[in-house]
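Here is the structure we will look at, set down as structure tokens.
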2 protein chains.
Amino acid sequence: MTLKLDKVNRGPHLSTLVASSISREIAQGRLKPGDQLPTEQALATTFGVSRNVVREAIARLRSEGRIWSQQGRGAFVVESNNPTVLTIDYEALQRADSFRNLFELRGILEVQAAAFAAKRRTEADLTAMGAALAGMRAAPYGSVAWLRSDLEFHRAVAEATRNGYMGQFLGFVSERVRESILAAGNQQKSDDMARITLGEHERILTAIRAGDVEGAQAAMRDHLAGAALRVGLHDGETAAEAAPVPEAASPVRHSRLRKAVRGQAAR
Amino acid sequence: MTLKLDKVNRGPHLSTLVASSISREIAQGRLKPGDQLPTEQALATTFGVSRNVVREAIARLRSEGRIWSQQGRGAFVVESNNPTVLTIDYEALQRADSFRNLFELRGILEVQAAAFAAKRRTEADLTAMGAALAGMRAAPYGSVAWLRSDLEFHRAVAEATRNGYMGQFLGFVSERVRESILAAGNQQKSDDMARITLGEHERILTAIRAGDVEGAQAAMRDHLAGAALRVGLHDGETAAEAAPVPEAASPVRHSRLRKAVRGQAAR
DNA sequence: CTTGTCGTGTTATCATACAACCCTGATTTA
DNA sequence: TAAATCAGGGTTGTATGATAACACGACAAG
């Protein structure tokens, strides 16, 4: 048996804890946009860590676009509440409704990507898709090679849109969806599925090659509906029902707080 | 006159430069997934900075999910090449084709959001949208209050999709688009525009209230086409032509490199 | 009222030291 | 011989002190 021990080692770094703590202060409004943070020295003493750790935490928050600092002045909470990075909380994705929502978003992007691909694909794109399909045919269903080819096919479609952001976003969303599916691990495999899935992909490629925008959209929609069924999502149309907006906050569990971190940042 | 001096202060931190440099090594494949990075000491000497700076850079990369490190062993490039966060390079967005691509992506999301909103909106959603529209009517075109109400309207639409990720992504993309427009600053304002823009929004709301999915999509499409014209994008249909995939690398300009950073990380 | 100077406080960076930990290989032990 | 133990070096994590660069207000000089 392969025992399934989750990685509880998530961020044993002090800087991670400090960053989360400050992040929480911001999220919960105790530090408002435009506010100045305490000095690094003050933070270091209140948290009971070295100034170095505080600096690493601040570097992280700065890269996330939550705070902004200037030499000689101080560090400030950034004005716009929209951070410059987009993150998806892994824990939240375990909830069925969240997963369904993300799957829905992926569907939107994939279908439109197929449409643009049908309009803008080059010969190179088509051969790339064909190669990916061949890889799927050659590999056993569900194997690593099969999954890689599957991913490659969708990547090629995204590439064919000639819109880099499309590929970036689609890749990001798909990866999160894939992770979540793997984590759940309740996939059943059968020979029929291989044939069906392959057929779906082939129809997509055919439509894209023909430049058939509507057809490509429809084929991709079919494919996603099939995929939804295969991973256990039923009736993808009525997806989200009163799902609260998932906040991007507090990805760190408190139970594992270390002795040093016990204060609040700035009261 | 208000002279227009941009903030060139973007990231004068050494740690940012180091992080970008390592990030580029990964993106360009000189550091493959699973590879071990040079030791912090080695990086510090090759970059000509202190180990502290290297640590801040690594803390940042770790928070972005690109690197994984363990005490006593070393730091490694994470296996999946898909980072756990999504970022958009601000500099790249200044290029017209990039901006066009992002605008196109926004359009996809907005149109589909309108469709879902028409299907799933509640009374509360409708009143929120109505309030936002009222705010636009009351404020002068282009003013801060007007922009806020505009943003609020679109946020309400996204909220009405009952899909939190939709709101998250849409907000993220829209914010980047808005920043870019503000940075360009070549907006011309007229009274006609206020009326036209307001009308577009009203049609969207009407369709959503009526539960008219097709109508909401069409109205939103019109609105975005109008917005594209207003910000100087012409013929949004043939957006990207042979635009290379924008890699998420090198957000730092080299001309401003400081004396210390001149090496490569790990060859 | 403007300008220049100075002192203080803050961030940015450097340098060093130590603790915790992993890995390897030799040594001891069964 | 085979396994367990232990010592050593190497690496990351953290602490500490010092210096440079910068911002800002106070204050004097013009």
Side-chain angles (χ1 to χ4, degrees), chain A residues 7-22 34-63 66-78 252 256-263 265-266, chain B residues 7-22 34-63 66-78 252 256-263 265-266:
Chain A
K7 298 197 211 168
V8 205
N9 306 342
R10 288 259 295 175
H13 306 284
L14 284 183
S15 62
T16 302
L17 300 179
V18 172
S20 301
S21 196
I22 297 178
D35 278 4
Q36 178 166 11
L37 277 80
T39 68
E40 296 181 351
Q41 192 60 42
L43 286 172
T45 58
T46 60
F47 280 118
V49 300
S50 86
R51 198 180 141 224
N52 220 317
V53 170
V54 172
R55 279 196 60 78
E56 281 181 27
I58 287 185
R60 173 169 175 168
L61 294 177
R62 197 170 37 219
S63 94
R66 280 193 236 278
I67 74 178
W68 154 84
S69 68
Q70 187 177 357
Q71 180 170 147
R73 290 228 295 161
F76 304 85
V77 180
V78 95
V252 179
R256 235 183 151 280
L257 272 182
R258 302 211 346 217
K259 62 177 188 306
V261 177
R262 57 182 175 276
Chain B
K7 298 197 214 168
V8 207
N9 304 345
R10 288 264 300 177
H13 305 285
L14 284 184
S15 61
T16 303
L17 300 180
V18 172
S20 301
S21 197
I22 298 178
D35 278 4
Q36 179 166 11
L37 277 82
T39 69
E40 296 181 351
Q41 191 59 46
L43 286 173
T45 59
T46 61
F47 281 117
V49 299
S50 85
R51 194 179 145 221
N52 221 316
V53 169
V54 172
R55 280 194 60 78
E56 280 182 28
I58 288 185
R60 176 171 173 166
L61 294 177
R62 197 171 37 220
S63 92
R66 285 194 233 275
I67 275 184
W68 156 83
S69 66
Q70 187 176 359
Q71 180 171 141
R73 289 229 297 160
F76 304 84
V77 180
V78 97
V252 180
R256 232 181 153 284
L257 272 181
R258 306 218 336 225
K259 61 179 190 303
V261 178
R262 58 181 174 277

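When reading the values below, keep in mind they use all heavy atoms of this one structure, side chains included, and skip hydrogens, waters and symmetry mates.
Phosphate proximity of D:dG13 to A:Ser15: absent, as no side-chain N or O sits under 4.0 Å from OP1 or OP2. One finds no side-chain N or O of A:Ser50 lying less than 4.0 angstrom from the OP1 or OP2 phosphate oxygen of D:dT14. Note on A:Arg62: a side-chain N or O is less than 4.0 Å away from OP1 or OP2 of C:dA12. A sub-4.0 Å separation between OP1 or OP2 of D:dA23 and a side-chain N or O of A:Gln70 is present.
In this view, B:Gln70 and B:Trp68, B:Arg73 satisfy the side-chain contact (heavy atoms from CB on, under 4.5 Å) rule, not counting sequence neighbours. Residues forming a side-chain contact (heavy atoms from CB on, under 4.5 Å) with A:Thr45 (at least two apart in sequence, or on another chain): A:Gln41. Scored by the salt bridge (charged side-chain N to carboxylate O under 4.0 Å, His left out) test, A:Arg51 finds A:Glu40 as partners (sequence neighbours excluded).
Rounded to whole Å, atom P of C:dC14 lies 12 Å from atom CG of A:Asn52. When the C1' atom of D:dT12 is taken as reference, atom CG of B:Leu61 falls 16 Å away, rounded to whole Å. Rounding to whole angstrom units, CG of residue B:Leu14 and C1' of C:dC14 are separated by 11 Å. Going from atom CZ of A:Phe47 over to atom P of D:dA15 covers 13 Å, rounded to whole Å. Rounded to an integer number of Å, the gap from A:Glu40 CD to D:dT14 P is 16 Å. Rounding to whole angstrom units, CZ of residue B:Arg55 and P of C:dC14 are separated by 15 Å. When the P atom of D:dG13 is taken as reference, atom CG of B:Leu37 falls 12 Å away, rounded to whole Å. Rounded to an integer number of Å, the gap from A:Gln41 CD to D:dA15 P is 12 Å.
B:Ile67 is listed as a side-chain neighbour of B:Leu37, based on a closest heavy-atom distance under 4.5 Å. Here the side chains of B:Ser69 and A:His13 are in contact, with some heavy-atom distance below 4.5 Å. Residues B:Ile58 and A:Glu56 have side chains not in contact (no heavy-atom distance under 4.5 Å, counting atoms from C-beta outward).
With the nearest nucleotide of DNA chain D identified for both B:Gly74 and A:Val53, B:Gly74 has the one nearer the 5' end.
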N/O-N/O pairs, protein side and nucleotides 5-9 of chain C side, under 3.5 Å:
unit_1: C:dG9; atom_1: N2; unit_2: A:Gly72; atom_2: O; d: 3.2

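Residues B:Phe47 and B:Ser21 approach most closely at CE2-OG, 3.5 Å, considering heavy atoms.
A donor-acceptor contact under 3.5 angstrom links the side-chain atoms of B:Arg51 to the base of D:dG13.
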